[in-house]
Protein chains: 2
Amino acid sequence: MSPNPVTDLGGYLKEQREQAELSLRQLAERSGISNPYLSQIERGLKKPSAEILQALAKGLRISAEQLYVRAGILDATVDGEIVPDTRRVINADPLLTAKQRKVLIDLYDSYIED
Amino acid sequence: MSPNPVTDLGGYLKEQREQAELSLRQLAERSGISNPYLSQIERGLKKPSAEILQALAKGLRISAEQLYVRAGILDATVDGEIVPDTRRVINADPLLTAKQRKVLIDLYDSYIED
DNA sequence: GCATCGTGCTAACTGCAGCTAGCACTATGG
DNA sequence: CCATAGTGCTAGCTGCAGTTAGCACGATGC
């Protein structure tokens with residue numbers, strides 16, 4: 001599935017941070033937490049609360065649910081969970097022209113097809 | 001949408017507990033937490049972590065998501081949503097890296113913003 | 001009367017999340 | 001060569017989540 005089978009929350013966070021090209025301090029400031037604490041979270045020395053995870057998700061511009069699942073406080077897709085299929089949503093977006101849809105879908109496919 | 005306009009987490013928990021006809025100690029034991037602490041949570045004196053909420057949800061046989069929303073660590077949104085917001089779906093897609101998300105979002109924005 | 005069992009609550013402690021201050025290191029560049 | 005600005009990390013503290021021990025009050029029952 002995922003290109004990198006990261007199991008731990010800290011490693012996942014670090015990976016996301018680096019892919020977003022943010023330094024520890026930058027992400028910490030954007031998330032409103034201290035940089036030493038973020039460092040400790042990434043190395044698995046401290047485990048953050050849901051509030052912190054929410055703030056980090058915001059700072060990383062990703063959804064909090066993902067982090068909750070990683071942190072083990074949300075079960076991944078238990079009850080008819082709505083994990084919307086991105087391709088379908090793009091295809092159904094009325095704000096896009098057919099051509100734009102195709103570009104986005106092609107780009108998206110190039111990302112997820114490893 | 002919600003049948004009962006309970007605003008506070010503690011009151012909501014107490015309500016759920018009483019509807020399940022459980023005493024403080026019973027729910028506390030089923031959830032694996034101490035009864036004084038549960039008492040303080042219900043009266044709003046302490047605010048529980050996500051782990052505790054998860055345990056309480058299990059003890060009450062309700063979904064953790066509801067409690068997370070009450071606790072303000074999850075945005076209510078999702079299930080009532082009719083037309084999913086493309087930007088959000090892209091941002092929440094676990095198959096994408098942060099960088100890829102950014103590219104897609106930027107491209108998407110360039111399409112719809114004009 | 002007084003055991004005793006159930007209810008929820010208070011008091012007081014422990015552990016750890018999350019903080020501030022500051023260190024060590026590597027560029028840059030004057 | 002030293003300044004200074006960036007990186008991540010360690011040390012040490014504070015606040016509060018969550019604990020155990022035990023209190024006060026009502027029911028039941030002998």
Side-chain angles (χ1 to χ4, degrees), chain A residues 4 6-62 64-74, chain B residues 6 8-62 64-74 97-99 102:
Chain A
N4 243 335
V6 184
T7 52
D8 63 316
L9 173 67
Y12 177 71
L13 276 171
K14 181 168 188 180
E15 191 179 84
Q16 292 296 311
R17 175 174 65 81
E18 288 172 345
Q19 279 174 356
E21 290 179 3
L22 291 171
S23 73
L24 257 168
R25 284 169 211 269
Q26 285 174 329
L27 176 55
E29 177 161 15
R30 277 168 66 159
S31 307
I33 73 174
S34 73
N35 71 78
Y37 184 44
L38 176 54
S39 166
Q40 289 164 326
I41 291 173
E42 286 190 348
R43 285 174 297 143
L45 300 182
K46 296 282 174 78
K47 59 174 182 176
S49 69
E51 280 84 359
I52 297 291
L53 288 178
Q54 194 180 32
L56 285 172
K58 231 167 246 174
L60 284 168
R61 267 97 182 170
I62 63 179
E65 283 85 346
Q66 294 177 58
L67 293 184
Y68 291 168
V69 171
R70 292 271 176 180
I73 63 176
L74 256 190
Chain B
V6 185
D8 63 315
L9 173 66
Y12 177 70
L13 277 171
K14 182 169 187 180
E15 193 178 82
Q16 292 295 313
R17 176 174 64 81
E18 289 172 345
Q19 278 175 357
E21 291 180 2
L22 291 170
S23 74
L24 257 167
R25 284 171 211 265
Q26 284 173 330
L27 176 56
E29 177 162 15
R30 276 168 67 160
S31 307
I33 72 174
S34 72
N35 71 79
Y37 184 44
L38 177 53
S39 167
Q40 288 164 327
I41 291 173
E42 285 190 349
R43 285 175 296 146
L45 300 181
K46 296 283 174 76
K47 58 175 183 175
S49 69
E51 280 84 358
I52 297 290
L53 287 178
Q54 194 181 32
L56 285 173
K58 235 165 241 175
L60 284 168
R61 266 98 180 167
I62 63 178
E65 282 86 346
Q66 295 178 53
L67 292 184
Y68 291 167
V69 171
R70 293 273 175 179
I73 62 176
L74 259 189
T97 69
K99 203 171 197 171
K102 187 182 184 317

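Per chain, numbering begins at 1; letters A, B, ... match sequence-line order.
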Completion exercise
note: A:Gln26, atom CD; D:dA5, atom P; distance rounded to Å ~ 16 Å
Problem - Whole angstrom value for the distance that separates P of D:dC16 from OH of B:Tyr37 - result: 13 Å
Handout entry: Closest nucleotide among D:dT7, D:dT19, D:dA17 to the B:Ser49 side chain
Key = D:dA17
Fill in the blank from the handout: Walking DNA chain D from its 5' end, the first of A:Glu42 and B:Ile41 to be reached, judged by nearest nucleotide, is A:Glu42
Practice task
Give the rounded distance in Å between these two atoms: CG of A:Leu38 and C1' of D:dT10.
Solution key: 16 Å
Problem - Spacing of A:Asn35 atom CG relative to C:dC23 atom P, expressed in whole Å - result: 15 Å
Completion exercise
Note: for B:Ser23 and B:Lys46 on DNA chain C, the residue whose nearest nucleotide lies more 5' is B:Ser23
Problem - Side-chain heavy atoms of B:Lys102 within contact of A:Glu21, under 4.5 Å - result: no
Exercise for the section: Could you give me the CA-CA distance, side-chain angles and deciding distance for B:Glu65 and A:Leu74, then say whether side chain to side chain contact (heavy atoms under 4.5 Å, CB included) is met? Expected result: CA-CA 8 Å; B:Glu65 282 86 346; A:Leu74 256 190; 3.5 Å; yes
Handout entry: Heavy-atom side-chain proximity of A:Leu53 to A:Leu9 below 4.5 angstrom
Key = yes
Problem - Short side-chain N/O contact from A:Ser39 to OP1 or OP2 of D:dC9, under 4.0 Å - result: yes
Practice task
Output the single nucleotide from D:dG22, C:dC19, C:dT20 whose closest atom is nearest the side chain of B:Arg25.
Solution key: D:dG22
Practice task
Remember a base hit wins even if backbone is also touched, and classify A:Ser34 as base, sugar-phosphate or nothing at under 4.0 Å, heavy atoms.
Solution key: base
Exercise for the section: Please state how far atom CG in B:Leu27 lies from atom P in C:dG6, giving the value in whole angstrom units. Expected result: 17 Å
Handout entry: Considering all heavy atoms, the nearest A:Gln66-A:Tyr12 contact
Key = OE1-OH, 2.6 Å
Practice task
In whole angstrom, give the distance that lies between atom CG of B:Leu45 and atom C1' of C:dT10.
Solution key: 11 Å
Exercise for the section: Using atom CD1 of B:Ile52 as one end and atom C1' of D:dT19 as the other, report the distance to the nearest whole Å. Expected result: 10 Å
Practice task
For A:Arg17 and for B:Gly32, find the nucleotide of DNA chain D with the closest heavy atom, then tell me which residue's nucleotide is more 5'.
Solution key: A:Arg17
Practice task
Measure from NZ on A:Lys47 to C1' on C:dA17 and round the result to the nearest Å.
Solution key: 11 Å
Problem - Nearest-neighbour nucleotide for the A:Leu24 side chain, D:dT20, C:dG18, D:dC9 considered - result: D:dC9
Practice task
Kindly say if A:Arg43 contacts the phosphate of D:dT10, meaning a side-chain N or O under 4.0 Å from OP1 or OP2.
Solution key: yes
Practice task
First locate atom CD of B:Glu42, then atom CZ of B:Arg17, and finally report the distance between them rounded to the nearest 0.5 Å.
Solution key: 4.0 Å
